[in-house]
2 protein chains.
Amino acid sequence: MINKRSPIPIYYQLEELIKDMIEKGTLKKGDMIPPEREYAEKYEISRMTVRQALNNLVNDGYLSRVKGKGTFVENRKIEQPLMGLTSFTEDMVSRGLEPRTKLLHLLKKEASASESEKLKIKQGAPVYEVKRIRLADDEPMALETMFLSAELVGELKEEVVNGSLYQYFEESLGYSIVNARQGLEASIVRKSEREYLNVPSGSPVLLIERTSYLADGKPLEFVKSIYRADRYKFLIDMNREGN
Amino acid sequence: MINKRSPIPIYYQLEELIKDMIEKGTLKKGDMIPPEREYAEKYEISRMTVRQALNNLVNDGYLSRVKGKGTFVENRKIEQPLMGLTSFTEDMVSRGLEPRTKLLHLLKKEASASESEKLKIKQGAPVYEVKRIRLADDEPMALETMFLSAELVGELKEEVVNGSLYQYFEESLGYSIVNARQGLEASIVRKSEREYLNVPSGSPVLLIERTSYLADGKPLEFVKSIYRADRYKFLIDMNREGN
DNA sequence: TAAGTCTATTGGTCTAGACAACTAGAATTT
DNA sequence: AAATTCTAGTTGTCTAGACCAATAGACTTA
């Protein structure tokens with residue numbers, strides 16, 4: 001449970017413990033969590049330490065406090081990593097659809113002029129081009145072409161490309177996307193795309209281009225996606241913090 | 001400076017005190033602020049109380065801490081209006097185009113079921129429906145239909161509707177939009193829209209629906225826009241603060 | 001019945017320390 | 001001169017309390 005002799009701070013251990021329960025659904029939105037004093041007694045730690053853990057979870061949007069009542073589980077939605085920027089996988093799951101990916105090709109090549117410009121690398125530098133069909137409930141949802149600087153991502157194997165690349169970047173490479181720029185426009189499906197998307201000629205599609213940036217400002221990826229308009233609506237919430 | 005007998009929490013007083021110095025420029029970016037123990041001694045308060053103040057400022061992006069070195073002033077977050085949410089007028093200007101608006105109609109009516117739901121008002125409550133053609137460099141760019149609760153905006157005159165409504169809301173009514181939810185999808189232009197947008201049959205269009213919320217959570221407006229895909233690309237930047 | 005009062009429980013603020021971990025520069029040793 | 005060690009100063013973690021403020025339900029009173 002909680003290891004007081006661990007070099008990992010107690011408040012952090014408690015934080016992860018509660019966060020897990022929220023993410024696993026043991027604690028649902030609106031539930032009241034045990035009072036601070038109870039945590040303190042149960043784990044034989046100071047209440048201030050409990051509060052440090054809870055404060056962090058409140059700041060991250062997992063919990064909210066009400067004086068005199070208790071501390072309650074919030075909608076995990078707020079914790080979205082980057083507003084409006086979710087991976088296809090997460091996006092589909094949140095819509096109640098089952099995501100799947102079909103790899104069309106994965107190739108390593110020299111960066112073209114436009115690719116090098118987007119990724120801010122030298123022309124001719126090695127890049128990966130990953131082209132995939134994204135399915136939801138086994139029906140094509142989007143056609144996606146992603147460009148990655150080979151220097152940043154190292155060797156890219158087929159197994160990796162079949163899953164969620166974001167997860168791979170975060171968990172295996174330790175990269176964290178902090179900025180993204182997207183462009184969205186409407187268009188008509190091209191002939192070459194029709195066979196992949198399985199739509200009739202003349203169908204509308206949503207073109208999404210995204211460049212994602214790491215903390216140091218380097219672009220990690222450039223992605224062009226073509227979404228079926230009959231199946232996909234791009235949703236985005238925006239807000240500014242108080243003050 | 002700091003009043004220990006005030007009902008205002010000490011940590012909050014200290015917070016405001018430091019925040020003021022940052023905003024007034026007494027403390028500049030990169031400056032190291034006095035060590036926690038110094039604040040504690042100077043104001044005769046506990047170091048934990050100082051830390052509570054500093055923690056809040058760190059969370060708000062005013063300060064950053066470096067273990068073993070000190071606490072430093074950060075670049076004060078730029079007060080972005082609302083990421084990705086600019087008025088048509090601002091949007092066009094930033095693209096180097098000259099915005100113009102042509103009013104199609106301005107009418108007051110009773111809210112339909114869907115309108116009342118979007119605006120969170122009672123069905124049958126008075127709403128304004130404003131339908132406008134948005135032009136850029138005198139060429140149609142979008143067709144826009146906006147719904148507003150009459151109770152919130154009071155009387156809406158034609159003169160007002162011909163300019164930037166956002167400006168009117170902010171400056172004349174004192175409303176400030178803090179949240180917005182947008183949905184974007186691709187479609188094919190409808191026959192009824194073609195004459196306004198001046199595009200051939202079968203042309204792709206970008207449908208944008210937006211609901212804007214005030215600080216108290218009330219929706220101020222619900223807007224449906226139809227943009228010409230051949231002229232308009234929706235651009236959005238996203239970022240998350242530190243972490 | 002209705003209104004007011006008490007009480008237990010909750011989170012909010014605050015103290016006065018302790019020791020750990022990290023940084024940078026000074027002092028020492030090799 | 002270079003490498004190592006020491007030291008002062010910083011933030012980070014944690015304790016074991018104290019009292020305040022808000023809530024909700026039980027209880028009392030008019």
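Reckoned from all heavy atoms, side chains included, excluding hydrogens, waters and symmetry mates. Within every chain, numbering begins at 1; the chains are lettered A, B, ... in the order of the sequence lines, protein sequences first and strands thereafter. Note that this is a predicted model, so its numbers are computed, not measured.
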From [options], pick the nucleotide closest to the side chain of [X]?
| X | options | value |
| --- | --- | --- |
| A:K4 | C:dG12, C:dT13, D:dT15 | D:dT15 |
| A:P35 | C:dT10, C:dG12, C:dC14 | C:dT10 |
| A:I10 | D:dA18, C:dT10, D:dT15 | D:dT15 |
| B:M48 | D:dT10, D:dC19, C:dT15 | C:dT15 |
| B:K67 | C:dG11, D:dT13, D:dG12 | D:dG12 |

In this structure, how many angstroms lie between the [atom2] atom of [N] and the [atom1] atom of [X], rounded?
| X | N | atom1 | atom2 | result |
| --- | --- | --- | --- | --- |
| A:Y39 | C:dT10 | OH | P | 13 Å |
| A:I2 | D:dT13 | CD1 | C1' | 14 Å |
| B:I45 | C:dT13 | CD1 | P | 14 Å |
| B:R51 | C:dG17 | CZ | P | 18 Å |

* Taking the six-membered ring for Trp, are the ring centroids of A:Y232 and A:Y227 within less than 6.0 Å of each other? -> yes
Think [X] has a side-chain N or O under 4.0 angstrom from the OP1 or OP2 of [N]?
| X | N | value |
| --- | --- | --- |
| B:K69 | C:dA24 | yes |
| B:S46 | C:dG17 | no |
| B:R47 | C:dA16 | no |

* Asked: A:G217 and A:K120: which non-hydrogen atoms are nearest, and at how many Å?
  -> O-NZ, 4.1 Å
* Quiz item: B:R65 side-chain donor-acceptor pair to D:dG12 base, under 3.5 Å ->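 Not at all, since no donor on one side and acceptor on the other fall under 3.5 Å apart.
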* Does any N or O in the side chain of A:D137 come within less than 3.5 Å of the main-chain N or O of A:E98, such that one atom is a donor and the other an acceptor? -> yes
